[in-house]
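Quick caveat, the model's predicted, so the values are computed rather than measured. First the proteins, then the strands, lettered A, B, ... as listed; each starts at 1.
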There are 4 protein chains.
Amino acid sequence: MNEKEIKILEAAIEIFAEKGFVSTSTNEIAKKANVAEGTIFRYFKTKKDLLKSIIKPTLVKTIAPFEMDRFSKAVFHLEYETFEDFLNALIKNRMEFAKKNKAVVKIIIQEMPFQDDMQEELKRLFKDKMYPKVATVLQSFIDKGQIKELPIPTVLRLIISTVVGLVISSIVLENTPFWNEEQETERTIEFIKNGLK
Amino acid sequence: MNEKEIKILEAAIEIFAEKGFVSTSTNEIAKKANVAEGTIFRYFKTKKDLLKSIIKPTLVKTIAPFEMDRFSKAVFHLEYETFEDFLNALIKNRMEFAKKNKAVVKIIIQEMPFQDDMQEELKRLFKDKMYPKVATVLQSFIDKGQIKELPIPTVLRLIISTVVGLVISSIVLENTPFWNEEQETERTIEFIKNGLK
Amino acid sequence: MNEKEIKILEAAIEIFAEKGFVSTSTNEIAKKANVAEGTIFRYFKTKKDLLKSIIKPTLVKTIAPFEMDRFSKAVFHLEYETFEDFLNALIKNRMEFAKKNKAVVKIIIQEMPFQDDMQEELKRLFKDKMYPKVATVLQSFIDKGQIKELPIPTVLRLIISTVVGLVISSIVLENTPFWNEEQETERTIEFIKNGLK
Amino acid sequence: MNEKEIKILEAAIEIFAEKGFVSTSTNEIAKKANVAEGTIFRYFKTKKDLLKSIIKPTLVKTIAPFEMDRFSKAVFHLEYETFEDFLNALIKNRMEFAKKNKAVVKIIIQEMPFQDDMQEELKRLFKDKMYPKVATVLQSFIDKGQIKELPIPTVLRLIISTVVGLVISSIVLENTPFWNEEQETERTIEFIKNGLK
DNA sequence: TATGAATGAGACTTCATTCAT
DNA sequence: TATGAATGAAGTCTCATTCAT
């Protein structure tokens with residue numbers, strides 16, 4: 001990927017995250033990226049296209065691990081004897097990812113509700129790639145009696161709510177004296193584990 | 001409040017929720033409200049002002065109960081012997097409110113990150129009106145041994161994450177066969193209760 | 001029709017005729033019309049729309065007479081004993097119209113080849129409204145032996161070519177010493193009459 | 001002439017004819033010609049220059065014959081006893097040329113009204129090279145009594161109108177069942193001949 | 001010689017806001 | 001009080017042209 005293209009993407013990510021997609025002008029992006037406004041449109045057909053080019057890779061990388069072997073080994077390998085080990089691996093991995101991609105994650109959360117086409121894609125990715133694998137693993141823990149007998153979607157909802165809450169808190173409170181990330185992560189894992197026991 | 005003013009607010013709420021604040025034109029609002037575009041600016045100095053007029057009352061109503069006696073009686077009265085009873089009252093009350101104000105809640109969630117002045121106000125409201133009361137109640141449950149020894153902010157974060165997740169699921173999945181609200185509410189309460197035990 | 005709307009139309013007609021549709025900027029039109037650029041778009045949704053609003057009425061007025069009674073009386077009434085009388089009425093009437101609408105006629109001739117939708121409409125108008133009536137009249141002159149036995153489309157092509165040539169010459173050479181309109185019109189009528197005898 | 005230059009010219013002719021000069025982008029031409037956009041500007045200083053390079057040779061070739069010996073022999077040689085023979089030679093020759101250069105002829109007709117410099121050149125060519133020769137020939141037919149006593153410009157206007165009408169019809173209706181070229185050419189010659197008798 | 005990335009002027013269009021009625 | 005025509009700033013995007021490679 002071209003150097004200017006990268007600079008444009010970086011500038012766009014930063015400003016989109018700060019002011020939102022619609023409130024960001026291409027002129028502003030160009031200035032921050034140190035390119036001419038026209039240059040943006042050489043690399044991205046439209047402004048919307050630029051947004052997609054930002055969101056899609058991160059979306060894919062968010063979901064993708066669930067279908068890859070290495071991650072499977074890291075997170076979903078059934079050798080994990082306990083639900084707690086699984087939660088540990090899952091949360092730490094996703095937390096790290098979210099913090100590395102803080103700005104893009106913010107953009108995704110904020111713009112997704114207005115981007116119907118991307119919503120569709122996200123749903124598809126989730127249903128086809130992520131859900132089946134996660135469901136299998138969770139079911140195995142239910143079978144082993146480590147999680148209470150609940151519908152998988154309910155279990156998933158509760159886990160996701162809590163983890164997303166953790167991620168957002170971590171992003172918002174990062175670098176404040178109120179936030180001890182390791183400790184809060186431990187507590188969150190404990191909370192979920194007990195909540196589902 | 002004038003009839004036209006109400007019609008403008010209603011129209012704005014509906015469109016803001018659907019398309020977002022920036023992507024909604026005052027012309028569109030005027031048409032839906034059946035008033036002239038100029039009329040909007042008679043009641044609301046600017047478009048941003050209209051947004052504030054929508055968000056603020058709901059924000060206040062979201063927080064206000066925590067300082068009012070009747071709600072205090074309903075939710076925070078220390079006569080609640082158990083944490084479960086408290087959670088029950090809290091969640092059901094907030095769920096009902098969120099669903100009654102679905103559109104405005106959506107607007108608040110989506111626009112708040114970009115409205116620094118309102119963020120400030122929200123923080124103030126939270127810190128001054130809501131947090132002290134909630135903290136007291138939660139502390140009382142900790143003292144009684146119904147909740148684990150954890151910092152109040154952590155407890156609050158975990159509860160709020162889970163409840164917000166419930167509210168969003170309820171709004172998104174409302175009227176689909178996948179969603180049995182009463183059941184999911186019960187399960188969520190159970191989850192929090194056990195998670196914090 | 002509003003005064004500003006008229007001023008915009010007049011300005012657009014003048015500049016379109018001079019520089020062509022694509023080479024005319026809305027900014028230029030606005031300046032000539034003494035309105036703000038945005039005002040143009042209150043009255044005409046797009047620039048293309050403005051073009052249509054210019055072309056269509058003239059197109060209709062060009063064709064319309066052929067279906068109206070008063071003009072029929074003037075041009076097509078079968079009381080015209082001779083083909084020459086008919087030609088006289090036709091040519092003088094159309095010449096006058098073309099000169100009154102010089103600029104718009106120029107625009108139509110120049111832009112029509114690139115406006116597929118209008119071409120379609122023109123074809124329809126011609127086939128449904130104009131051709132049938134003209135064909136009837138021409139046939140009657142053939143039957144009376146005043147015109148040679150030729151296919152109607154051929155007759156029409158020859159007449160139209162010659163008349164359009166006259167109109168263009170008249171527009172181009174107007175106000176030059178080389179042009180004596182009355183004389184040239186007479187000669188053209190004579191030319192057609194003899195050519196088809 | 002370089003191979004790339006030719007490919008550029010060919011591509012430009014095709015697209016100019018289809019979409020018009022202003023609506024054609026150099027990028028589009030480059031793609032169709034299979035060259036880089038910059039290459040266009042190596043051979044033609046500006047886009048306008050490219051247009052001129054297309055129009056000029058055809059314009060010259062349109063006029064040139066009138067000053068060349070071989071054509072003079074073919075068309076203007078005074079050995080032609082009759083006006084009809086002359087018309088025959090003229091029309092068939094010009095029809096063939098127009099059809100061979102259909103696209104460029106279309107471009108000339110459409111762009112000439114907006115290109116003042118080329119208009120000037122065309123006028124000059126016409127006045128200096130074409131008119132004198134044609135006038136001489138036409139005068140000879142008038143003298144022989146084969147054409148009515150009319151001013152030469154008028155005669156020329158009537159002939160040109162009719163022939164241009166024939167050429168356009170031929171281009172537009174080419175390959176439709178409505179068009180029998182040979183027949184229509186004969187009828188047109190007959191029309192002019194009788195019209196001027 | 002040929003390329004094509006980069007430019008920035010300028011195109012069309014939208015929209016919050018004003019103000020005469 | 002209510003209107004809606006008018007504004008013009010600002011937005012997205014296109015394109016002929018340049019220039020380093």
Side-chain angles (χ1 to χ4, degrees), chain A residues 2-5 7-8 21-31 33-50, chain B residues 2-5 8 21-31 33-51, chain C residues 2-5 7-8 21-31 33-50, chain D residues 2-5 8 21-31 33-51:
Chain A
N2 182 295
E3 182 212 350
K4 298 225 174 197
E5 191 174 354
K7 268 166 54 186
I8 292 167
F21 174 68
V22 214
S23 302
T24 301
S25 75
T26 50
N27 171 23
E28 212 173 345
I29 297 171
K31 268 180 190 141
N34 249 338
V35 300
E37 207 168 350
T39 305
I40 293 177
F41 295 91
R42 278 196 70 70
Y43 290 102
F44 309 93
K45 250 186 349 187
T46 64
K47 189 187 164 197
K48 179 92 178 275
D49 213 64
L50 174 56
Chain B
N2 182 298
E3 182 211 352
K4 286 198 194 245
E5 192 176 351
I8 292 169
F21 173 68
V22 214
S23 301
T24 300
S25 72
T26 49
N27 171 30
E28 212 173 346
I29 298 170
K31 267 182 191 139
N34 252 337
V35 301
E37 212 169 342
T39 306
I40 293 176
F41 293 88
R42 186 157 283 288
Y43 290 104
F44 310 93
K45 226 163 33 124
T46 64
K47 191 188 164 195
K48 179 95 178 273
D49 214 63
L50 174 55
L51 177 64
Chain C
N2 181 295
E3 181 213 349
K4 298 223 174 201
E5 191 175 353
K7 268 166 54 188
I8 292 168
F21 173 67
V22 214
S23 302
T24 301
S25 75
T26 49
N27 171 23
E28 211 174 345
I29 297 171
K31 267 179 191 143
N34 248 340
V35 299
E37 206 168 349
T39 304
I40 293 176
F41 295 91
R42 278 196 70 70
Y43 291 102
F44 310 93
K45 247 181 359 178
T46 63
K47 190 187 165 197
K48 178 92 179 274
D49 212 65
L50 173 55
Chain D
N2 182 299
E3 182 211 351
K4 286 196 194 248
E5 192 175 353
I8 292 168
F21 173 68
V22 214
S23 301
T24 300
S25 72
T26 49
N27 171 30
E28 213 174 345
I29 297 170
K31 267 183 190 138
N34 252 338
V35 301
E37 212 168 342
T39 306
I40 293 176
F41 293 89
R42 186 158 282 288
Y43 290 103
F44 310 93
K45 225 160 38 117
T46 64
K47 191 186 164 196
K48 179 95 178 272
D49 213 64
L50 174 55
L51 177 65

Using a 6.0 Å distance limit plus a 45 degree cone around the ring axis, check whether C:Lys48 lies over the aromatic ring of C:Phe21. no
Less than 4.5 Å apart, any side-chain heavy atom of C:Phe41 and any of C:Thr26? yes
One should read off an interatomic distance between A:Asn2 CG and A:Lys7 NZ, to the nearest 0.5 angstrom, of 9.5 Å
Between which nucleotides of DNA chain E, read 5' to 3', does contact with chain A run, using atoms under 4.0 Å from its heavy atoms? E:dG4 to E:dG8
So what does D:Tyr43 hit on the nucleic acid, given a heavy-atom distance under 4.0 Å: a base, only sugar-phosphate, or nothing? sugar-phosphate
Run the side-chain contact (heavy atoms from CB on, under 4.5 Å) test against A:Asn27 and tell me which residues pass, sequence neighbours left out. A:Ser25, A:Lys31, A:Glu37
All N/O pairs under 3.5 Å across the protein-nucleotides 12-16 of chain F interface:
| from | atom 1 | to | atom 2 | distance (Å) |
| --- | --- | --- | --- | --- |
| F:dT12 | OP1 | A:Thr24 | O | 3.3 |
| F:dT12 | OP1 | A:Lys47 | NZ | 2.8 |
| F:dT12 | OP2 | A:Thr26 | N | 2.7 |
| F:dT12 | OP2 | A:Thr26 | OG1 | 2.9 |
| F:dC13 | OP2 | A:Lys47 | N | 2.7 |
| F:dA16 | OP1 | D:Thr24 | O | 3.1 |
| F:dA16 | OP1 | D:Lys47 | NZ | 2.9 |
| F:dA16 | OP2 | D:Thr26 | N | 2.6 |
| F:dA16 | OP2 | D:Thr26 | OG1 | 2.8 |

Could you spell out the base pairing of DNA chain E as a dot-bracket line? Use Watson-Crick and G-U wobble contacts where both distances are under 3.5 Å, [ ] for crossing pairs, | for partners on a different strand. .||||||||||||||||||||
Using the side-chain contact (heavy atoms from CB on, under 4.5 Å) criterion, which residues pair with D:Val35? Sequence neighbours excluded. D:Lys4, D:Ile8, D:Ala30, D:Ala33, D:Thr39, D:Ile40
First locate atom CG of A:Asn34, then atom CD1 of A:Ile29, and finally report the distance between them rounded to the nearest 0.5 Å. 14.0 Å
Those residues that, when tested against D:Lys45, pass side chain to side chain donor-acceptor pair (under 3.5 Å) (two or more places apart): none
